[in-house]
Number of protein chains: 2
Amino acid sequence: MPSSGSRKRISESTIHRLSLYYRTLSLLEKENYETVSSKELAKREKLTPAQVRKDLSFFGSFGTRGLGYNVNELKSKIESILGINRDWKVALIGVGNIGSALVSYKEFAKQGFHIVKLFDNDQRKIGSNHKGITVSDIKDLDMEVKEANITMVILAVPATVAQYIVDDVVKAGVTAILNFAPINLRVPPFVHLRNENMSMELEYLSFAMVNNHAPKKSK
Amino acid sequence: MPSSGSRKRISESTIHRLSLYYRTLSLLEKENYETVSSKELAKREKLTPAQVRKDLSFFGSFGTRGLGYNVNELKSKIESILGINRDWKVALIGVGNIGSALVSYKEFAKQGFHIVKLFDNDQRKIGSNHKGITVSDIKDLDMEVKEANITMVILAVPATVAQYIVDDVVKAGVTAILNFAPINLRVPPFVHLRNENMSMELEYLSFAMVNNHAPKKSK
DNA sequence: ACTGCCATGTGAAATGGTTCACAAGAAGTA
DNA sequence: TACTTCTTGTGAACCATTTCACATGGCAGT
Ligand SMILES: NC(=O)c1ccc[n+]([C@@H]2O[C@H](COP(=O)([O-])OP(=O)(O)OC[C@H]3O[C@@H](n4cnc5c(N)ncnc54)[C@H](O)[C@@H]3O)[C@@H](O)[C@H]2O)c1
Ligand SMILES: NC(=O)c1ccc[n+]([C@@H]2O[C@H](COP(=O)([O-])OP(=O)(O)OC[C@H]3O[C@@H](n4cnc5c(N)ncnc54)[C@H](O)[C@@H]3O)[C@@H](O)[C@H]2O)c1
């Protein structure tokens, strides 16, 4: 009877790979696979079978020796490990170029991330409608975030204002932030922050080309 | 007299951190800093000073003992290590939600990544103008990419067609691809591929919240 | 029930990345 | 010149992650 809080510290790479397994399992499900071996899964992700098994072993024993893993079952185990077997209410702040693109992206909702509020400070945008959601005034952020019980935010505002907004957002009770602005944000220790940095990936490509770096598994 | 090709294999994390240092150095430059110590740089990135020095030491000795690093000089050293002290011609394929957002993003050009061609297969988009660039028919990809000597591509098409386009793009001589489609693409060993996966970061946040994972340095 | 086969789960070994700790160099002061 | 202070650059130690290798257990066929 394993207790709910896992003991070992799980590495970031393991979690990222769980996301990859999840995506591949969804695909295998569509292709009507019943079971999948660590070998097959590894091949699809360009990893080793041992890596796949070790990753999963941190969370339990989900496979059957001689057979492999049941696709449906493993998929739903990973869903529950990643916490995407529930619905998350997300606010998106900054309905500009990238913000609008994100609102239109249906995959997020399929994985349980529901963008339910939009905020901006541009009068021309406030009140307008994006995919059925009306853009709110950033001034009402605290009230509306608290009222809707939102704990996750996507930040797509200019870097110059990102820190101010983060401070407000944290005050409103948000504990998870996905930031697109190219800036190092300060958050209190209990808030989870991830940065999406596209320049970094372009720069990696540039480095690899200039240095004839042997291409390796990406990310 | 160090030779041009570096001997040791440089880790992905080191390259990613160079990107971070670069961004911070640009900021320090604007703030008129003359020099910066590994300690200060580390503080801003939430790293250890030893980490900063070790990262840089793979590429040479850029600092002055007792003083630190000259901001301008270090910045330009990193530019040359990352290969962003030159201009890269980039083609963007798929001028949809995310594609349009990326075309409008001015920071890429500032770092040497110039989007010079747009491709789509939607007749309503072909011929239209985005930020001064006319959208080309995907059918002309091979010709136009070769003609313009483009070696880097940003892929923002639906996952269902991404592999076909990658195959074409590779035939046209492209050797670096930044992919936004949520799919594992196959490329020949001499082609560099990076994936931008936003779901992964949301899932990481979700995992962290559910597991009360202590927040750590992001990415 | 027995046998052969296959793939998991996991300690232990190997590899890779980060941090420590210190010798040594540079600048400033007198 | 001698002395102090500061911070780099780097082997060595430490820690984390990946890979190896194999005992274990389940399934299928006879
Ligand atoms: N566009 C891209 O492809 C891209 C790529 C990578 C990173 N980013 C980053 O994402 C962020 C947004 O980029 P963008 O291109 O969408 O910019 P944008 O200017 O199109 O959008 C920013 C939005 O934020 C809003 N805003 C500004 N100040 C605000 C405030 N105080 N409160 C609420 N809303 C406010 C603006 O009204 C605008 O709608 C930037 O930090 C940018 O660096 C963008
Ligand atoms: N929108 C987002 O926020 C977001 C976030 C993460 C990932 N993605 C991924 O990025 C990709 C694009 O997403 P989007 O939301 O911009 O979709 P979109 O449908 O708005 O854009 C896709 C574009 O690709 C074009 N296209 C389709 N087939 C083509 C072909 N054969 N050749 C050339 N062009 C073709 C379409 O005409 C369209 O303009 C998808 O793979 C999506 O999963 C999008």
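Every chain is numbered from 1 and lettered A, B, ... according to where its sequence line falls, protein lines coming before strand lines.
The listed nucleotides are C:dC20, D:dT7, D:dT19; the one nearest the side chain of A:Lys54 is D:dT19. The A:Arg17 side chain lies nearest to D:dT18 when the options are C:dG9, D:dT10, D:dT18. Comparing C:dT18, C:dG17, D:dT18 by their nearest atom to the side chain of B:Gln51 picks out C:dT18.
Side-chain N/O atoms of A:Thr48 include one lying less than 4.0 angstrom from OP1 or OP2 on D:dT19. At least one side-chain nitrogen or oxygen of A:Tyr69 sits closer than 4.0 Å to the OP1 or OP2 atom of C:dG9. Look at A:Arg53 and you won't find any side-chain N or O under 4.0 angstrom from OP1 or OP2 of C:dG9. Residue A:Ser13 places none of its side-chain N or O atoms closer than 4.0 Å to OP1 or OP2 of D:dT17.
More than 12 heavy-atom neighbours from other residues, nucleotides or ligands sit within 6.0 angstrom of CD on B:Glu107.
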Please produce a list of atom pairs where a protein N or O lies less than 3.5 Å from an N or O of nucleotides 25-30 of chain D.
{"unit_1": "D:dG25", "atom_1": "N2", "unit_2": "A:Gly66", "atom_2": "N", "d": "3.4"}

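Ion pairing of B:Arg44 with B:Glu40 is present here, as a side-chain N (NZ or NE/NH1/NH2) and a carboxylate O approach within less than 4.0 Å. Taking a cutoff of 4.0 Å between a charged side-chain nitrogen and a carboxylate oxygen, A:Glu45 and A:Arg23 do not qualify as a salt bridge. By the 4.0 Å N-to-carboxylate-O rule, A:Asp142 lies close enough to A:Lys146 to be salt-bridged with it. Using a cutoff of 4.0 Å between basic side-chain nitrogens and carboxylate oxygens, B:Lys75 and B:Glu29 are scored as salt-bridged.
If you check every strand for non-hydrogen atoms under 4.0 Å, B:Thr14 touches nothing.
For A:Gln111, there are no side-chain hydrogen bond (donor to acceptor under 3.5 Å, both in side chains) partners at least two apart in sequence or on another chain.
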